[in-house]
Protein chains: 2
Amino acid sequence: MVIKPQTRCDTAQRRREIALAARQLIADKGFEGLRTRDIAERVGINVATLHYHVPSKEALIELLAQSLRDEFIARQERRRRDGVTSLDRLRLEFADFRDIALNNPALHVVMTELADRARRDEKVAAVIRPMQLGWRDHIAAILAAGRDDGSLRPDLDPDAAATMIIGAMINARRHDKDIAFLDRVTAQIERALTRAGGSGGGKP
Amino acid sequence: MVIKPQTRCDTAQRRREIALAARQLIADKGFEGLRTRDIAERVGINVATLHYHVPSKEALIELLAQSLRDEFIARQERRRRDGVTSLDRLRLEFADFRDIALNNPALHVVMTELADRARRDEKVAAVIRPMQLGWRDHIAAILAAGRDDGSLRPDLDPDAAATMIIGAMINARRHDKDIAFLDRVTAQIERALTRAGGSGGGKP
DNA sequence: CCATCCATCAATCAATTGATTGAGAACACC
DNA sequence: GGTGTTCTCAATCAATTGATTGATGGATGG
C-alpha cells in the first residue's frame with residue numbers, strides 16, 4: 001500500500017503529507033471511516049508519529065479543512081481573469097469546475113463531506129463557510145456585472161442565481177459520473193441567465 | 001432524555017420507532033456519530049432488544065434508507081396534482097420543498113447524509129438512487145410538458161434543468177437558515193425558465 | 001566528541017462500540 | 001393452569017480506535 005521509503009522530515013512537510021493522505025482516505029471511505037491508523041499507514045509513519053505532528057483527531061480535521069481551503073485559494077489565484085464580457089468570466093467558472101471534476105474529483109467529494117461536517121463542528125465551519133461564501137460572492141459579482149453590462153438578463157438576483165449555479169453544478173456531479181451531463185447543465189444555466197430566453201421559439 | 005414508558009410491542013412497530021430515532025440522531029450528529037446504543041436509548045429499549053429487531057448496523061442503515069424512501073413516496077402521493085399549467089405544477093414542487101424545509105428539516109439533512117453514504121454503500125445506493133432519479137424525472141416531466149405547452153421556454157433541456165432546480169434548492173438550504181433565501185432562489189429559477197427572459201428590461 | 005533537540009517507533013492503555021448470551025417477563029392459545 | 005412463542009434486558013465479549021509512554025536513532029551546533 002505504502003511505497004515511499006520513509007526518511008525523517010520536518011513538521012510542516014509531514015503535516016502536508018498527513019493532510020493529503022487524510023483527504024484521499026475521506027474520498028474513499030467518507031468521514032465516518034476516517035481512522036488515524038489508516039492515515040499514518042498511508043503516509044508511511046507510526047501512529048505515534050502522526051500524533052506527534054497533529055495532536056488530536058480534531059486538530060487533524062481542522063488541518064484538513066485548512067489544507068482544502070489553501071488549495072481552493074491557490075486555484076482561485078492561478079486562474080486567468082481575462083474574460084472580456086461577464087459571460088466569458090462565467091464560462092470560465094464553468095470550465096474551472098469542470099477541470100476539477102475531471103482532474104481532481106476527490107476535491108469535490110471531500111469538500112462535500114466537510115460541508116456536511118461543518119453543520120455540527122464549529123472549527124470546521126469557521127474554515128469552510130468563508131470559503132463557500134467567497135465562492136458564491138465571486139460568482140454573484142460576475143452575475144451582477146453581467147446584469148449591469150447587458151450580457152446577462154436584467155432580472156437577475158445575483159446571490160440567488162449564484163447559489164443556483166453552484167448547487168446545480170454540484171448536483172450534476174453528485175450522481176452522473178458522465179462529464180457530458182455537467183456540460184448539459186452548464187449550457188442550460190447559460191441559456192437560462194442570458195437575455196434571449198429562447199424568445200425566437202421553436203426547436204431547431 | 002427518553003420519556004415514553006416502554007411496553008412490549010411488535011417488531012414492525014419497533015422497527016418504525018428505531019428508524020425514526022436513527023433519523024433524528026443522524027440529523028443531530030451525522031452518520032459518523034450514529035451509535036446503536038444511542039438509538040436504543042432514544043427508543044427507550046436495551047441495545048440487545050434493538051439487535052433483536054434489527055440484526056446488524058448494516059441492516060439498520062438499510063432500514064433507515066427504506067424508511068426515508070417510504071416517507072418520500074407517501075409525500076409524493078399525498079400531493080395535489082391539480083396544477084393547471086406546467087408552471088403551476090412547478091410552483092407546487094417549490095412549495096413542497098419549502099414545506100419540508102420548514103416543517104421537517106431533518107428530512108433533508110438525513111437525505112443528504114444518505115446520499116453521501118450511497119457513494120460507497122451499494123445497499124443504500126440501491127434504495128436512495130431510484131428515489132433521487134424519480135424526483136429528477138418527475139420534475140423533468142413537468143419541465144418537458146411546460147416546454148411543449150409554451151408555459152416554459154422552448155430551449156429547455158428537461159433533465160439538465162431538473163438537476164439544476166434540485167441542486168439549487170438543496171444548496172439554498174445548505175447554508176442559509178433563512179427560508180426567505182430559498183424563496184429568492186426559486187423565484188430566480190422561475191424567471192430563468194419562463195419564456196420572457198426579462199426582455200422588457202429595467203428594474204422595477 | 002558530546003549535549004541537545006527533533007523525529008520516530010513498538011508497546012500499551014482506556015474508552016468506545018457492535019454484537020452475543022442466557023435468563024426472565026409478557027402474551028397467546030388451548 | 002400449562003405451554004410455547006415473542007419480546008426484553010443485564011452482563012459480557014471481542015474488536016476497534018484515539019491517544020500516551022518511554023526508549024531509540026539521527027541530526028546539529030559547540
Side-chain angles (χ1 to χ4, degrees), chain A residues 1-26 28-65 113 117 120-121 123-124, chain B residues 1-26 28-65 113 117 120-121 123-124:
Chain A
M1 200 75 17
V2 183
I3 301 103
K4 65 171 72 161
Q6 267 317 311
T7 57
R8 285 168 69 93
C9 77
D10 71 350
T11 287
Q13 175 60 17
R14 270 282 183 259
R15 283 171 65 92
R16 269 191 295 274
E17 293 179 16
I18 291 169
L20 185 62
R23 210 193 285 186
Q24 296 169 336
L25 282 173
I26 284 188
D28 276 6
K29 318 213 247 173
F31 228 115
E32 58 170 324
L34 187 65
R35 302 283 174 258
T36 53
R37 279 171 173 75
D38 295 341
I39 300 173
E41 189 195 2
R42 191 139 189 156
V43 176
I45 58 177
N46 189 280
V47 210
T49 306
L50 185 145
H51 273 91
Y52 170 79
H53 294 293
V54 184
S56 70
K57 195 177 183 183
E58 198 187 346
L60 178 95
I61 290 169
E62 211 185 333
L63 169 70
L64 179 69
E113 299 273 348
R117 179 164 180 111
R120 46 202 127 79
D121 183 333
K123 287 268 185 61
V124 173
Chain B
M1 199 75 18
V2 183
I3 299 102
K4 66 171 76 160
Q6 266 319 310
T7 57
R8 285 167 68 92
C9 73
D10 71 351
T11 287
Q13 174 62 17
R14 272 281 183 259
R15 283 171 64 93
R16 268 191 298 273
E17 292 179 18
I18 290 170
L20 184 62
R23 210 193 285 187
Q24 296 168 336
L25 281 173
I26 284 187
D28 277 5
K29 317 214 246 172
F31 228 115
E32 59 170 323
L34 188 65
R35 301 283 174 262
T36 54
R37 277 170 173 75
D38 295 340
I39 300 173
E41 190 195 359
R42 191 138 189 157
V43 176
I45 59 177
N46 189 279
V47 211
T49 305
L50 185 145
H51 272 92
Y52 171 78
H53 294 293
V54 183
S56 70
K57 194 176 184 183
E58 198 188 346
L60 179 96
I61 291 170
E62 211 185 333
L63 170 70
L64 180 69
E113 298 273 349
R117 178 161 182 114
R120 47 203 127 78
D121 183 334
K123 286 269 186 61
V124 173

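Throughout, protein chains are lettered first and strands after them, A, B, ... in sequence-line order, and every chain is numbered starting at 1.
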* Distance, nearest 0.5 Å, that separates OG1 of A:T36 from CG of A:L25 -> 11.0 Å
* Asked: Rounding to a whole Å, what distance do you find between A:L34:CG and D:dG18:P?
  -> 8 Å
* **Protein-nucleotide distance (A:R15, atom CZ; C:dC6, atom P), rounded to Å** => 16 Å
* B:L50 has an atom CG; how far is it from atom P of C:dG18, in whole Å? -> 10 Å
* To do: Figure out the CG/C1' separation between A:L25 and D:dT17, and round it to whole Å.
  => 15 Å
Using the 3.5 Å cut-off, write out each protein N or O paired with an N or O of nucleotides 19-21 of chain D and the distance between them.
from: D:dA19; atom 1: OP2; to: A:H51; atom 2: NE2; distance (Å): 3.0
from: D:dA19; atom 1: OP2; to: A:K57; atom 2: N; distance (Å): 2.7

* **Distance, rounded to the nearest Å, where B:E32 contributes CD and D:dG18 contributes C1'** => 14 Å
* To do: Answer with base, sugar-phosphate or nothing: what part of the nucleic acid does B:L60 contact at a heavy-atom distance below 4.0 Å?
  => nothing
* Taking only the side-chain nitrogens and oxygens of B:T49, find out if one of them lies under 4.0 Å from OP1 or OP2 of D:dC7. => no
* In terms of heavy-atom contacts, does CD of A:Q13 have more than 12 from other residues, nucleotides or ligands at under 6.0 Å? -> yes
* Pick base, sugar-phosphate or nothing for B:I39, based on heavy-atom distances below 4.0 Å to the nucleic acid. => nothing
* Between atom CD1 in A:I45 and atom P in D:dG25, what is the gap in whole Å? -> 20 Å
* Over all atoms of both residues, closest heavy-atom pair of A:L50 and A:I39 -> CD1-CG2, 3.6 Å
* Asked: Are the side chain of B:R42 and the backbone of B:A22 linked by a donor-acceptor contact shorter than 3.5 Å?
  -> no
* **A:Y52 side-chain N/O to C:dT8 phosphate OP1/OP2 under 4.0 Å** => no
* Backbone of B:V47 reached by a side-chain donor or acceptor of B:R37 within 3.5 Å -> no
* Nearest-Å distance, CD (B:E41) to C1' (D:dC9)? -> 15 Å
* Could you give the distance from NZ (B:K29) to CZ (B:R35), rounded to the nearest 0.5 Å? -> 8.0 Å
* **Short side-chain N/O contact to D:dT16 OP1/OP2 from A:R35, under 4.0 Å** => no
* Structure fact -> Rounded to whole Å, CZ of B:R14 lies from C1' of D:dT6 at a distance of 12 Å
* Taking 4.0 angstrom as the limit, do B:K57 and A:E32 come out as a salt bridge? -> no
